[in-house]
2 protein chains.
Amino acid sequence: MVKLLDEKTEASPDHVGWRLWQASRAWQVEFAAAMRSAGHAWFSEARAGLLGHIPRNGTRQSALIERAATSKQAVQQLLDGLEAEGVLERLPDPRDGRGKLVCYTRKGLDALRDGDRIKLQIERGYIDRIGEQRFAALMDALRTLDAGRGDASAGASGPK
Amino acid sequence: MVKLLDEKTEASPDHVGWRLWQASRAWQVEFAAAMRSAGHAWFSEARAGLLGHIPRNGTRQSALIERAATSKQAVQQLLDGLEAEGVLERLPDPRDGRGKLVCYTRKGLDALRDGDRIKLQIERGYIDRIGEQRFAALMDALRTLDAGRGDASAGASGPK
DNA sequence: CCGTATAGTCAAGATACTTGACGATATTCA
DNA sequence: TGAATATCGTCAAGTATCTTGACTATACGG
């Protein structure tokens, strides 16, 4: 295949990493836009990344820090912002005077509900675009990939 | 370990967006770590995102701005950094007095070469983890998804 | 009680990105 | 030609995210 000029399109190569990044980014942009349209102007990707680690019934801040792969200070600052927005609140942990429990407010739970709805909408769009079978294969591959962590990525993301 | 209260794991739901995000993030962390280990200490994820849009033979800065989905100022600041690191250089466009051509230096091309090698390594690791077939299905789904853009994400990423 | 570990905070700085304003060149068209 | 307009890139300031280091308060083990 003699591509004579076309070296111009050599960027954005066809690699897993790039594809994953592009797909992930597109999803986030679509989701964030829908969330903001739904009235959750406080929504951002970084905040979404944190909220994804907070179950509906709340969690201890320290547990949250373990799940998210960032520093406790980064988590704290995001929590500060979300608390200031009225999405979350921090209550003292009755079982540990040092700890705080991170819980959703009414506003936060409303956002979660809208988020679930939007996720399903986007998912339907994806299935329309690539077909049910391909979508299932995508999810299967991603799940398997995730399950196989702990070995391969141990050195990369290890807490040190 | 009998988890008796299981609502606790309700976070991080099993949705495409989350899976894509996690997978993309894991890839980037692994890739960036390998790049830095290979001696490219200047490497960062944001810079990688930009470099992915710059073909080996260079590009016009304005063309770059169109490809990357951010503001021209963001692109410029990343370019400033990469230029200061000696990875890129900006040459005047002989055909347009206003324009600049963004080109790789020797150092930049070396990094691209290492990057290609590392990508293949990671890809091999993925295939080992999820099998050749699943990996092929993953790539197929991601490519099809990407090809189907332009309608669905038009409103989200439009320049406006 | 004492030493150590854990939970969270405070403060400062780096990076990435956004907005607004601007100068320089190119293009269009009367 | 020459003026209006558009494009290309830069400068400057502000916001958001994340990182590091230092610190307080509580818990735990002896």
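Being a predicted model, the structure only gives us computed values, none of them experimental. Chain A is the first sequence line, chain B the second, and so forth, proteins listed ahead of strands; every chain is numbered from 1.
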Separation of C:dA7 atom C1' from A:Gln76 atom CD, nearest Å, is 10 Å
Rounded to whole Å, CG of A:Asp96 lies from C1' of D:dA25 at a distance of 11 Å
Rounded to whole Å, the CG-C1' distance (B:Asp80 to D:dG9) equals 11 Å
When you measure from the side chain of B:Ser24 to the backbone N and O of A:Ser24, does any donor-acceptor pair fall under 3.5 Å?
no
With no hydrogens and no angle check, is any side-chain donor or acceptor of B:Gln61 less than 3.5 Å from a backbone partner on B:Gly99? no
Would you call the rings of B:Trp21 and B:Trp18 parallel, tilted or perpendicular, where under 30° means parallel and over 60° means perpendicular?
-> tilted
Item to complete: Determine, for B:Lys100 against B:Asp93, whether the closest basic-nitrogen to carboxylate-oxygen distance falls under 4.0 angstrom.
Response: no
Atom CG of B:Leu64 and atom P of D:dT10 are separated, to the nearest Å, by 12 Å
Exercise. May I ask you to say whether B:Arg56 pairs ionically with B:Asp116, meaning some side-chain N is under 4.0 Å from a carboxylate O?
Key: yes
Show each protein N/O and nucleotides 28-30 of chain D N/O combination with a separation under 3.5 Å, one pair to a line.
none

If the threshold is 4.0 Å, N to carboxylate O, is there a salt bridge linking A:Arg129 and B:Asp146?
no
Angle separating the five-pair end axes of the helix from C:dC1-D:dG30 to C:dA30-D:dT1, nearest 10°, is 20°
Quiz item: Does any N or O in the side chain of A:Tyr104 come within less than 3.5 Å of the main-chain N or O of A:Pro55, such that one atom is a donor and the other an acceptor?
Solution: no
Here the distance between atom P of D:dC8 and atom CG of B:Leu79, to the nearest Å, is 15 Å
Could you check B:Asp140 against A:Arg19 for salt bridge (charged side-chain N to carboxylate O under 4.0 Å, His left out), going step by step and ending with a plain yes or no? CA-CA 10 Å; B:Asp140 174 54; A:Arg19 292 280 179 202; over 6 Å; no
A:Asp93 CG to C:dT6 P, in whole Å, measures 17 Å
Taken to the nearest whole Å, CD1/A:Ile65 to C1'/C:dG8 is 7 Å
A:Glu66 CD to C:dA5 C1', in whole Å, measures 14 Å
With the side chain defined as heavy atoms from C-beta on, A:Gln61 is closest, among C:dT9, C:dA7, D:dT10, to C:dT9
Scoring nucleotides 12-20 of chain C by protein non-hydrogen atoms under 4.0 Å (B base, S sugar-phosphate only, - none) yields B---SBBBB
